[in-house]
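Before any comments, here is the structure.
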Amino acid sequence: MAIQTFAAIDVGSFEVELSIYEISNKFGIRPVDHIRHVIALGRETYSHGKISYELVEELCRVLKEFSGIMKGYKVQSYKAYATSALRDAKNNQIILDQILVRTGIDVKLISNSEQRFLSYKAIASRDREFNNTIQKGTAIVDVGFGSMQLSLFDKDSLISTQNLPLGTMRIREMMAKIPATMEVHQKLIRELVDNELLTFRKMYLKDREIKNLIGIGDNSLYMFKKMLDGEGGRSVPDCMTAEDVNRFYDALLKMGIQELADIFGISEEYVELMLPSAVIYKCLLEMTGAEQFWLPGIRLCDGMAAEYAESIKQVKFKHSFEDDILAASRNMAKRYKCHSSHNQILEQHAMDIFDAMRRFHGLTARDKLLLRIAVLLHACGKFISMKNANECAYNIIMSTEIIGLSHLEREIIANVVRYNIRDFDYDQVQLETSVYKDSSGIISANDITIKIAKLTAILRLANSMDRSHQQKLAGCKTTVRDGQLVITTDYPGDIILEQMSFDQKADFFEEIFGIRPVLKQKRRV
């Protein structure tokens, strides 16, 4: 394939960015141009819940200019994503419509987990450095303007990821209400950050050694490097030591806002975001005892380019992102004491049914992933209530971000788990909006309800096949023949409990797919 010209637009909390890339099999992803415009959308969202007409005017003007730049580069494809400032604004749908009408740019709101996953993909695109780093205990720290994401890796596996309300702009807006010196603000920010990190440490860092931190967050990364570059004119590598960070932190506290603005060539408003960011990194280094701090210098736009390059098969990642999503889900299931051996055999049954029914269900590989996650989390609600386990599971899933999944995908999983052990009501499926939009276009709530029904039918049937939690049907064969889904087992013992449960779930499965499930037991002579 010839070189593809791609544009990525990030409508962030503090600035709007446009990055132009050339993508090809031979050269991979090559940055061509980068334009940024400071516009503090987050200030109004976090303070008032809405974005004013004046800022919308400015945003549309900037995006109109971006559109002209894209035409100048003859961009063949683009993605435009908006993060927390626009996502959390009460008038976001009106703003998105205004942008589309006045600029022709179709901006998509992405969830926090999608946003962080894109940044994570951008890091992983640097295969050798990334894979070598995460072999030892590693934390990816994504400090944004609205919030902070902390993801833990151990031996190439994603252990957990959590979002904390420690965005630099949120903290700055909080400090702006407290008249005090920078020294006092630094102390207050430390107390705030330490309090949030204390809970995280108790829950996720017990007996876990962190050797490396990977820092993301454009508002501070280049400042680290510029500060250190000034020391004797030495060149600063991507990987820094804890001593380097501490030296930067100490130097930062000795300077005034105007002095810092002059040194970095930025506005005083931007300088005010440096202190919260530096405090967060300082506290994390102290809490984890990490020895190395890697600054890959990536932005959200880089993640969007990586996602696009992967979708057109111009770039192939060695790292499995699907495995990361499943690993995070398994750790979540472990946290809520789900039965691991039951989940393991249930996952196999569900996958066998999904594959056998491929010609009849019309579901995608992504839907298969959602089914696997639903299997892993189907019993997490029992941790809270044995009586209302399905409702509790719904609330747990909707309250927990799973990296790499959109808000809609979490809604699908939560509803599948919810209807696993209650009557399916087509009119009562809990969806927050009536129409959704993804990369393939507009999707109605009715289409999503049908998808939930299909995944629920498969989960119910698979769950019935291990009703006793004794894995009696392990190794069974699943095929479709003569209008029936035939599941055959050679287990020689008693499967009365499984057979009874299977027959109960068969009616709903047949209602959804028009295929009757049949469980057959081979009798040994």
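Small disclaimer: the values here were computed from a predicted structure and weren't measured. The figures that follow rest on heavy atoms only: side chains count, while hydrogens, waters and symmetry mates do not. Heads up: numbering here begins at 1 and tracks the sequence.
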field: Arg330/Glu347 salt bridge by N-O under 4.0 Å criterion
entry: yes
task: Go through Phe513 and Phe360 one step at a time and tell me if the ring-ring contact (aromatic ring centres under 6.0 Å, His included) criterion holds.
output: CA-CA 7 Å; Phe513 297 111; Phe360 304 95; 8.6 Å; no
field: Approximate separation, where rounding is to 0.5 Å, of Gln162 CD and Ile403 CD1
entry: 10.5 Å
field: Distance-only polar pair, side chains of Asp367 and Thr364, donor-acceptor under 3.5 Å
entry: yes
Non-neighbouring partners of Tyr308 that pass ring pair (Phe, Tyr, Trp, His ring centres under 6.0 Å), sequence neighbours left out: Phe6
Side chain proximity check, Met357 to Phe509, heavy atoms < 4.5 angstrom: yes
task: May I ask you to test the Val518-Ile487 pair for a side-chain heavy-atom distance under 4.5 Å?
output: no
message: For a quick check under 3.5 Å, do Asn331 and Arg335 share a side-chain donor-acceptor pair by atom type?
response: no
query: Without hydrogens or angle criteria, can the side chains of Thr103 and Ser67 be said to hold a donor-acceptor pair below 3.5 Å?
result: no
- prompt: Is Arg516 paired with Asp507 through a side-chain N to carboxylate O contact shorter than 4.0 Å?
  reply: yes
task: For Asn163 and Gln149, test the side chains for any donor-to-acceptor distance below 3.5 angstrom and give the result as yes or no.
output: yes
query: Within 45° of the axis and under 6.0 Å from the centre of the six-membered ring of Tyr21, does NZ or CZ of Arg30 qualify?
result: no
- line: Residue set satisfying ring pair (Phe, Tyr, Trp, His ring centres under 6.0 Å) with Phe354, at least two apart, ordered chain then number -> His361
